[in-house]
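Residue numbers begin at 1 in each chain, while the letters A, B, ... track the order of the sequences. Below, each value reflects all heavy atoms present in this structure, side chains not excepted, and no hydrogens, waters or symmetry copies.
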There are 2 protein chains.
Amino acid sequence: MISESLLIGKIRRFLPAAQGIRKGIGDDAAVLPLDKKHYLLLTVDTIVDGVDFRLTETSPELVGRKALAINLSDIAAMGGEPCHALVALGIPAGLSYAWIRRFYSGMRKLGKEFNTVVVGGDLSRSKQFFASVTVAGKVKKDKLVLRDGAKTGDSILVTGRLGGSLAGRHLTFTPRVREAAYLVKHFKINAMMDLSDGLMRDLDVLMRESKKGARVFMDSIPVSQTALRGSGQGKTNPLKSALCDGEDFELLFTASRADAKNILAGRDGLLGTPVRCIGKATAGQGIMFQKNEKDREKFKLPWKGYEHF
Amino acid sequence: MISESLLIGKIRRFLPAAQGIRKGIGDDAAVLPLDKKHYLLLTVDTIVDGVDFRLTETSPELVGRKALAINLSDIAAMGGEPCHALVALGIPAGLSYAWIRRFYSGMRKLGKEFNTVVVGGDLSRSKQFFASVTVAGKVKKDKLVLRDGAKTGDSILVTGRLGGSLAGRHLTFTPRVREAAYLVKHFKINAMMDLSDGLMRDLDVLMRESKKGARVFMDSIPVSQTALRGSGQGKTNPLKSALCDGEDFELLFTASRADAKNILAGRDGLLGTPVRCIGKATAGQGIMFQKNEKDREKFKLPWKGYEHF
């Protein structure tokens, strides 16, 4: 069995980059020409029954909500503003219209909150329910943030608290669209992505794209209440949950130390959302850990991120 | 079991139209703001193993080709030019990387022919293989063709030959992008859509959207060789195959009689593709048939189109 990251890597090498495209495969969204001042952002994400939620256990509103939210999170991670959604559904024979209506209802409600309208879609018969949602958004050209822009010495920051999302938050999280918009408006964000496969794995991706390494301060990792309670995938090890659990859908980003200081200076975090500096970008390669910012002893961790594929 | 058309109708009523959007749900593609001279077109279509093809029988190149081609056909039906594609795959555990690579290879080859580049995507685990492809395109504002523009007295035209597509052509058809571009460049096309659910059903959709009826000339229906051989869904009735079989992916469109005459005057059809006048739009409602253009006796046909959902 081939892993998703390996497969995406292979596909990316196989599909050539095209002319006139600011960014294709390999970021949270594709970055395409729109008008003089803006890029068009396009992203697609799919949720499948039994993999990303359980049809028999989850309320249809929350399924519809999640199908859209994960895409809004991708647009946010580019510094962009979502606008339109297309919804492709695979519908098993037994599914009622009432269920489908409630699915759209949950999606519409979240869409309203983030100015995103369903403008089209497609219905197919399938054995297993799936929802493949495409979101189009836009971003001012000078506000675009990619994964590959981290600079040596940058502070690495993360919003929210990590770990244990699969216990419930993955269905109810608020995509960080407003926080990202605030960040790119007021600061120079050098690199950004959303956390979907766990901090360990995603930070490695961000740093590889930027051709940098990272030093992570263990005592700065924001651990969620769920992880602290032992309800994360790391069970009795909340830190492991925070580092390795998937589907946090928080923002992971880097900025200069000066900008980071100003971002962290807000009394209420980032528009009410907690924000933490968890480490710094280094000239080397790989992710190393140290107990805290002052401690010099560095070590590796054997844990891997979440493999949702 | 609820039919697809009924379900789409319900969803369409349930999801409100949004401001600033030229056309949302209910056409071949959504029509969104792009720049001063162009609209952005967005469409998504999904193919599912066992429904739209068979993984065990179909070459992966043709599966990839079809997944893109059905979307290019949608962009063509708006008078547009496709540009970018996002590919969301549901991959069952046993599927090899070699298969997936061949799938992308088929898609890439067709994309090259129509200047459409894969710029992103998503991979999920699923029991049943599916490919949900989104295509973004653009259209000059004054060249956009919707479904709702047919005028009373318009000639109704169709490209190619109809029926029997499921015997093979649904995997190998050429999306009518070039033909549509030629049509909107040289003529005033009042309404257009691509044929996916059979002429009977799709013509009914086109005329309802335009709030018109239609008179169809039976002897003008272009029947494919496959249907004539009895290999269509209508079996011994080739005309039934031509009228009811799905997945023709030809263009169905209307234009004034004068424009239609000029379109039909081309010796080699439309850029080498056959084109026929099959009827005319009427002020009334519903689709009525007559033996030929001259014959006055009108009748209904009890056949229904293809229900692929």
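Heavy atoms closer than 4.5 Å to chain A are found in the side chain of B:I21, but not in its backbone. Residue A:V44 touches chain B through both its backbone and its side chain, counting heavy-atom pairs closer than 4.5 Å. For B:S96, no part lies under 4.5 angstrom from a heavy atom of chain A.
When all heavy atoms of A:K127 and B:Q128 are compared, the pair lying nearest together is N-OE1, 2.7 Å. Shortest non-hydrogen contact noted between A:V48 and B:S126 is CG1-CB, 4.2 Å.
One distance of note links CG of A:L40 with SG of B:C83; it measures 10.0 Å at 0.5 Å rounding. For the atom pair A:T46 OG1 and B:L123 CG, the distance stands at 9.0 Å (nearest 0.5 Å). Rounded to the nearest 0.5 angstrom, B:I11 CD1 and A:Y104 OH are separated by 4.0 Å. Summarising the geometry, atom CZ belonging to A:F130 is positioned 6.0 Å from atom OG belonging to B:S132; distances are rounded to the nearest 0.5 Å. Note that CG of B:L42 is 5.0 Å distant from CG of A:L86, once rounded to the nearest 0.5 Å. Here the straight-line distance linking atom CG of A:L7 with atom CG of B:L89 works out to 8.5 Å at 0.5 Å rounding.
Of the residues considered (A:D35, A:D45, A:D49, A:V118), A:D45 shows the highest number of contacts with chain B, using heavy-atom pairs under 4.5 Å. Contact count versus chain A (heavy atoms, under 4.5 Å) is highest, among B:G20, B:G111, B:S105, for B:S105. Contact count versus chain B (heavy atoms, under 4.5 Å) is highest, among A:R101, A:K36, A:K23, for A:R101.
Residue-environment remark: NZ (B:K141) exceeds the threshold of 12 foreign heavy atoms within 6.0 Å. Counted within 6.0 Å of CZ on A:R208, heavy atoms from surrounding residues, nucleotides or ligands total 12 or fewer; the atom is thus considered open.
Side-chain contact check for B:H84 versus A:P33: some heavy-atom pair is nearer than 4.5 Å. Using a 4.5 Å heavy-atom threshold, the side chains of A:L15 and B:R108 count as touching.
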